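Taking it in order: structure first as structure tokens, then the write-up.
Model, not experiment: these values are computed from the prediction.
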Amino acid sequence: MTSNMIGTKESILDHDPTMVQMLTPEGQRVDGGSYERYVADLTDADLRGLYRDMALIRRVDAEGNALQRQGQLGLWAPLLGQEAAQIGLGHAMRKQDFVFPTYREHGLAWCRGLRPETIFEMYRGQNHAGWDPQAYNFHTYTIVIGAQMLQATGYAMGISLDGDVGTGDPDRDAVAIACCGDGATSQGEVSEALNFASTFHAPTLFFIQNNQWAISEPNSVEMNAPLFTRGTGFGVPGTRVDGNDILAMYAVAKANLDDIRAGNGPRLLEAFTYRMGAHTTADDPTKYRSDALTESWAAKDPIVRFKTYLETEAAHRSPAAAAELADFFASVEREADALAAHIREAVMAMPKPPVSDIFDYVFEEPHPLIEEEKREYMAYLDGFAEDLEADAR
């Protein structure tokens, strides 16, 4: 990379007038057009729930970074800046929907009820599968870029074959959510998934979080057209939404999910956001992007934006409402502190997993070759124990 960085070049991607927005970066409410009806019934409790989840998952993310730097995690994939994109979608989903994540969907995992320490177990190397996908309707994290898109499409085809779409039953109709980043769209699996989903009318939501960086590669060298148009050639309609706007994210996600559940085929949703931190803790973003660019996006912070909006609305109501809201924000801060303390304690107390686990979870049924390799390796380890005993004598 050059010393003056890349990624500051303006492109068509930065000036798309079709992007759906309900909150400006300054926290001012703007008309969301046809999507307004999807937020009309949100109560104060609903709005506060959105804020709380964004604030808490940001604290989880901060702990992930800190724990990795302290040598307690092998790696961490930061979420900073993408909270609204994930929490907005998470609140719009129904319990029967099934999520196929990448390795950064901590916000969606939170919305599906997955405990943060369970995610940390995986990044610490404590387990080999992470969690039971069926228990949360949330697949395990996928490291292979783009692979989960085909898995999600196949699952969606199964939903169709089971007749669990287009019935009009809100507790039955389901959607498979295929998550990926902007860089993954260059993988062949994504194009194949779009084609399969369109051809077989599979109830799939392709959720692209465009954080504008495929590790060190910016959008300007990744693509020459907005990502929300990527599905058009396959017959998959797309929408771009301000991914730092929690209201717009919730509304557009809900609209797309409802449309898919009604039996209208797959949809593509591009959340236009920004990765404020590193790609992973093994990455140094200062090597390839300027501080000025990152700082310009810090002014569009999704949590600050939404907090400003809530404060403005409360101030318009009454001084009592504003004071009550301030108490709520303070309670969320206390909850975040308690959550962080719990996470640190849980991670530090994690026991080492049995070595035999690397053999026991390869196949569902016993396999003679694996059993032989297990015996050989365990005997090898036992040899060290015998040597230590001999040295002690």
Kindly check if the number of other-residue, nucleotide or ligand heavy atoms within 6.0 Å of CG (D284) is above 12?
-> yes
Any side-chain donor-acceptor pair under 3.5 Å between T102 and E105?
-> yes
Between the main-chain N or O of L23 and the side-chain N or O of D245, is there a donor-acceptor pair closer than 3.5 Å?
-> yes
Here the gap from Q82 atom CD to Y274 atom OH, rounded to the nearest 0.5 Å, amounts to 11.0 Å
Atom pair CG (N264) and CG (D259), whose distance is rounded to the nearest 0.5 Å = 4.5 Å
Any donor and acceptor pair, going by atom type alone, linking the side chain of N244 with main-chain N or O of D301 inside 3.5 Å?
-> no
Is there a donor-acceptor contact under 3.5 Å from the side chain of N137 to the main chain of Q96?
-> yes
Could you check E117 against H342 for side chain to side chain contact (heavy atoms under 4.5 Å, CB included), going step by step and ending with a plain yes or no?
-> CA-CA 9 Å; E117 55 265 37; H342 168 74; 2.9 Å; yes
Looking only at atom types and distance, does a side-chain atom of H279 sit under 3.5 Å from a main-chain N or O of S216, one as donor and one as acceptor?
-> no
Given side chain to side chain contact (heavy atoms under 4.5 Å, CB included), test V20 with R240 step by step and report yes or no.
-> CA-CA 6 Å; V20 181; R240 169 178 275 187; over 6 Å; no
Examine the side chains of T118 and R115 and answer whether a donor and an acceptor come within less than 3.5 Å of each other.
-> yes
Any sub-3.5 Å donor-acceptor pair from Y38's side-chain atoms to A248's backbone N or O?
-> no
Just by distance, do the side chain of N210 and the backbone of E270 share a donor-acceptor pair under 3.5 Å?
-> no
When rounded to the nearest 0.5 angstrom, what distance separates CG in D31 from CD in Q21?
-> 11.5 Å
Do the non-hydrogen side-chain atoms of T43 and L47 ever get within less than 4.5 Å of each other?
-> no
Nearest 0.5 Å, what's the CZ-SG distance between R104 and C180?
-> 12.0 Å
Using 30° and 60° as the class limits, which term best fits the ring planes of H106 and Y123: parallel, tilted or perpendicular?
-> perpendicular
Report yes if the side chains of R267 and F206 come closer than 4.5 Å at any heavy-atom pair, otherwise no.
-> no
I303 and Y309: same hydrophobic cluster, using ILVMFWY side-chain contacts below 4.5 Å?
-> yes
Would you confirm whether T199, through its side chain, and F196, through its main-chain N or O, come within 3.5 Å as a donor-acceptor pair?
-> no
Are L89 and I119 connected in a single hydrophobic cluster, I mean Ile/Leu/Val/Met/Phe/Trp/Tyr linked by side-chain heavy atoms less than 4.5 Å apart?
-> yes
Show the numbers, then the answer: is there a side chain to side chain contact (heavy atoms under 4.5 Å, CB included) between L257 and K254?
-> CA-CA 5 Å; L257 289 169; K254 194 171 189 308; 5.8 Å; no
Once the angle between the rings of Y380 and F384 is folded into 0 to 90°, is it parallel (under 30°), tilted (30 to 60°) or perpendicular (over 60°)?
-> perpendicular
Are Y141 and M93 joined in one hydrophobic group, where the rule is that I, L, V, M, F, W and Y side chains link up if heavy atoms are under 4.5 Å apart?
-> yes
All heavy atoms of C179 vs all of P101, minimum pair found to be CB-CA, 4.1 Å
V304, L80: one ILVMFWY side-chain cluster at the under-4.5 Å cut-off?
-> no
On a heavy-atom basis, the closest approach of I260 and G265 is CG1-O, 3.4 Å
Can you tell if the side chain of T281 reaches within under 4.5 Å of the side chain of N65, non-hydrogen atoms only?
-> yes
Any donor-acceptor pair under 3.5 Å linking the side chain of R172 with the backbone of V165?
-> no
Give a yes or no on whether a salt bridge exists between E335 and R59, defined as a side-chain N under 4.0 angstrom from a carboxylate O.
-> no
Which class fits the ring pair F100 and F98: parallel under 30°, tilted 30 to 60°, perpendicular over 60°?
-> tilted
SB check R305 E26 (cutoff 4.0 Å) = no
Closest heavy-atom pair and its distance - A193, T153 = CB-OG1, 3.4 Å
Could you tell me whether R112 sits above the aromatic face of Y136, with NZ or CZ closer than 6.0 angstrom to the six-membered ring centre and within 45 degrees of the axis?
-> no
Could you tell me which non-hydrogen atom of D53 sits nearest to which non-hydrogen atom of H91, and how far apart they are?
-> OD2-NE2, 2.7 Å
Would V39 and D46 count as a side chain to side chain contact (heavy atoms under 4.5 Å, CB included) if you check the C-alpha gap in whole Å, the side-chain angles of each, and the deciding distance to 0.1 Å?
-> CA-CA 10 Å; V39 297; D46 293 329; over 6 Å; no
Smallest separation among heavy atoms of I159 and A176, with atom names | CD1-N, 4.0 Å
Rounded to the nearest 0.5 Å, what separation is found between the OG1 atom of T24 and the NZ atom of K300?
-> 11.5 Å
Is L227 linked to L194 within one hydrophobic cluster, defined over Ile, Leu, Val, Met, Phe, Trp and Tyr using a side-chain heavy-atom separation of less than 4.5 Å?
-> yes
Rounded to the nearest 0.5 Å, how far does CZ of F138 lie from CG of L108?
-> 6.0 Å
Side chains of E222 and N219: does their closest heavy-atom pair fall under 4.5 Å?
-> yes
Compare all side-chain heavy atoms of I370 with those of E373 and state whether any distance is below 4.5 angstrom.
-> yes
Does D162 reach the main-chain N or O of D164 with its side chain, forming a donor-acceptor pair under 3.5 Å?
-> no
Carboxylate-amine/guanidinium contact D97 R94, below 4.0 Å = no
Is any side-chain heavy atom of L42 less than 4.5 Å from a side-chain heavy atom of L247?
-> yes
Just say parallel, tilted or perpendicular for the rings of W76 and F120, cut-offs at 30° and 60°.
-> tilted
In sequence, state the C-alpha distance, the side-chain angles, and the governing distance for D360 and K374, and then conclude on salt bridge (Lys or Arg N to Asp or Glu O under 4.0 Å).
-> CA-CA 9 Å; D360 293 341; K374 177 181 177 180; 2.9 Å; yes
Cationic N near anionic O, under 4.0 Å, D182 to R275 = no
Least distance between heavy atoms, V144 atom then Q148 atom | O-OE1, 3.6 Å
Side chains of I145 and Y103 in contact at under 4.5 Å (non-hydrogen atoms) = yes
Would you say Y51 and L310 make side-chain contact, with heavy atoms under 4.5 Å?
-> yes
Would you say the side-chain atoms of Q212 pair up with the backbone N or O of T273, donor to acceptor, closer than 3.5 Å?
-> yes
Parallel, tilted or perpendicular, as decided by the 30° and 60° cut-offs, for the rings of F359 and Y377 = tilted
Does a sphere of radius 6.0 Å around CZ in R29 hold more than 12 heavy atoms from other residues, nucleotides or ligands, not counting ones at 6.0 Å or beyond?
-> yes
Would you mind checking if R48 and D44 are paired as a salt bridge, meaning a charged N to carboxylate O distance below 4.0 Å?
-> no
